[in-house]
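Each ligand, and each atom within it, is numbered from 1 in the order the structure gives. As the structure is a computational prediction, the values presented were derived from the model and not from experiment.
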Amino acid sequence: MTKAANGKTNTRNASAGNGALAHPEQLRGATRTARIALIGCGYWGPKVIRAAASLPEVEIAALVDRELALASQVQRHFPAARTTTSLSEALADETIDAVIVATNPATHVELAVEALEAGKHVLVEKPLALSAADCRSLGEQAREAGLALMVGHTFRFSPAVQHVRELLDNRELGQVYYIDSQRLNLGRVRSDVDAIWNFGPHDISIIQHWFDARPVAVHCHAYDYLQPGIPDLAFIVLEYDFAVAHIQLSWLSPNKVRRMTVAGSRKMVVYDDVAGQLAIHDAGIDREHLGRSFGEFQSFGEFRLIQRSGDMHVPRLPHVEPLQAQCRHFLECIFSGNEPLTNFEDAAGVVEILEAASASRANDGARVELGELAGV
Ligand SMILES: NC(=O)c1ccc[n+]([C@@H]2O[C@H](COP(=O)([O-])OP(=O)(O)OC[C@H]3O[C@@H](n4cnc5c(N)ncnc54)[C@H](O)[C@@H]3O)[C@@H](O)[C@H]2O)c1
């Protein structure tokens, strides 16, 4: 067993001894090359495969989409890759080590199961599945087979997100009061998932990483202006027993906004992903004891609230493309046998919150306790 950076216990290495896990040496000999198939050549798949292909250890072996023309378009950049419309056909190539699934979320489980059954390591785009129970059953399958199963919670690989986690670990922000997160844009309007399931995995995976805790309850109000029954605007509240997080998601905003604020008693942080900036404000409201003797107090515990608006610090962070770092981590897990940081448990934690948000939304924003959900 190994301890992951987040302090959680990894078990994948423990199963490496059962012979099922493809060790580095088994992957294309001593050169440590991984041959990868991509399924899903729509909007996001080509971006992921470009990031994967920028790593010297990667060979793009196959490009799969049920619309062959989309796979052929991507093939122009990777002429050595074969194109096909079905994963089964691609998996017939035994030299393929791993599959990246970048299809519509409703297809993730079926395709990941097929790839794992064929003995391939799998990176699945977010959300891993549409239920936490499915995330866990996929995870069990991967563990039994000794294969890497990772979910594409891309922002977990952002240096800014990691820096905020360090600030929180070191208690530099003091007591954390709340997180406020906005992820807004004009489109891309989807019809297979709503804005909650499309954008929400990003904010929730970041907040879960920062707080390293499970919310007690979820409230969600959501509105469908564009397509009946498919919310394009959502306001989600996650109640933790020590703080609160608010998330606003929208496909109907004139501006692209990806901004998260963490308000602590000592410092406040604003992470603006669009501007590429993390700002740490020495700001807050302090309680100053008025210094009177006990007899002079008008009321018990008399204090003055003083505004503190000090310097702003912008830390120098490494220039890392999160998507490339995500692909690199996937490779490292394949080669080392380590459990991915964004493993099925991480994915299930995100998906159970999305399920609770949908349940709340269906019940006019009612408070849904996570324990109330079946299978949670
Ligand atoms: N990490 C991120 O920042 C990020 C950003 C955007 C999208 N995504 C995720 O990427 C995934 C794909 O999103 P998208 O925007 O590219 O969607 P998309 O609709 O543009 O593309 C999906 C593609 O998958 C193909 N497909 C679906 N089912 C298939 C099957 N069974 N066999 C073969 N091909 C199949 C479709 O033909 C389509 O071309 C989603 O899970 C989405 O949440 C992640």
Identify whether the distance between the nearest side-chain nitrogen and carboxylate oxygen of K120 and E114 falls below 4.0 Å.
-> no
Is it true that R308 and D282 have a side-chain N and a carboxylate O under 4.0 angstrom from each other?
-> yes
Nearest atoms (heavy-atom pairs only) where Y240 meets V216 = C-CG2, 4.0 Å
Kindly tell me which protein residues have any non-hydrogen atom under 4.0 angstrom away from an atom of ligand 1, grouped by chain and ordered by number?
-> I39, G40, G42, Y43, W44, D65, R66, L70, A102, T103, N104, P105, T107, H108, E125, K126, G152, T154, R188, R190, H202
Results of side chain to side chain contact (heavy atoms under 4.5 Å, CB included) for R328 - residues two or more places apart only | L55, Q324, E332
Under the side chain to side chain contact (heavy atoms under 4.5 Å, CB included) rule, collect the residues that match up with V320, sequence neighbours excluded.
->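 Counting only residues at least two positions away or on another chain, V320 forms a side chain to side chain contact (heavy atoms under 4.5 Å, CB included) with P159, P318, A325.
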Can you run down the side chain to side chain donor-acceptor pair (under 3.5 Å) pairs that involve residues 67-82, sequence neighbours left out, and say none if there aren't any?
-> none
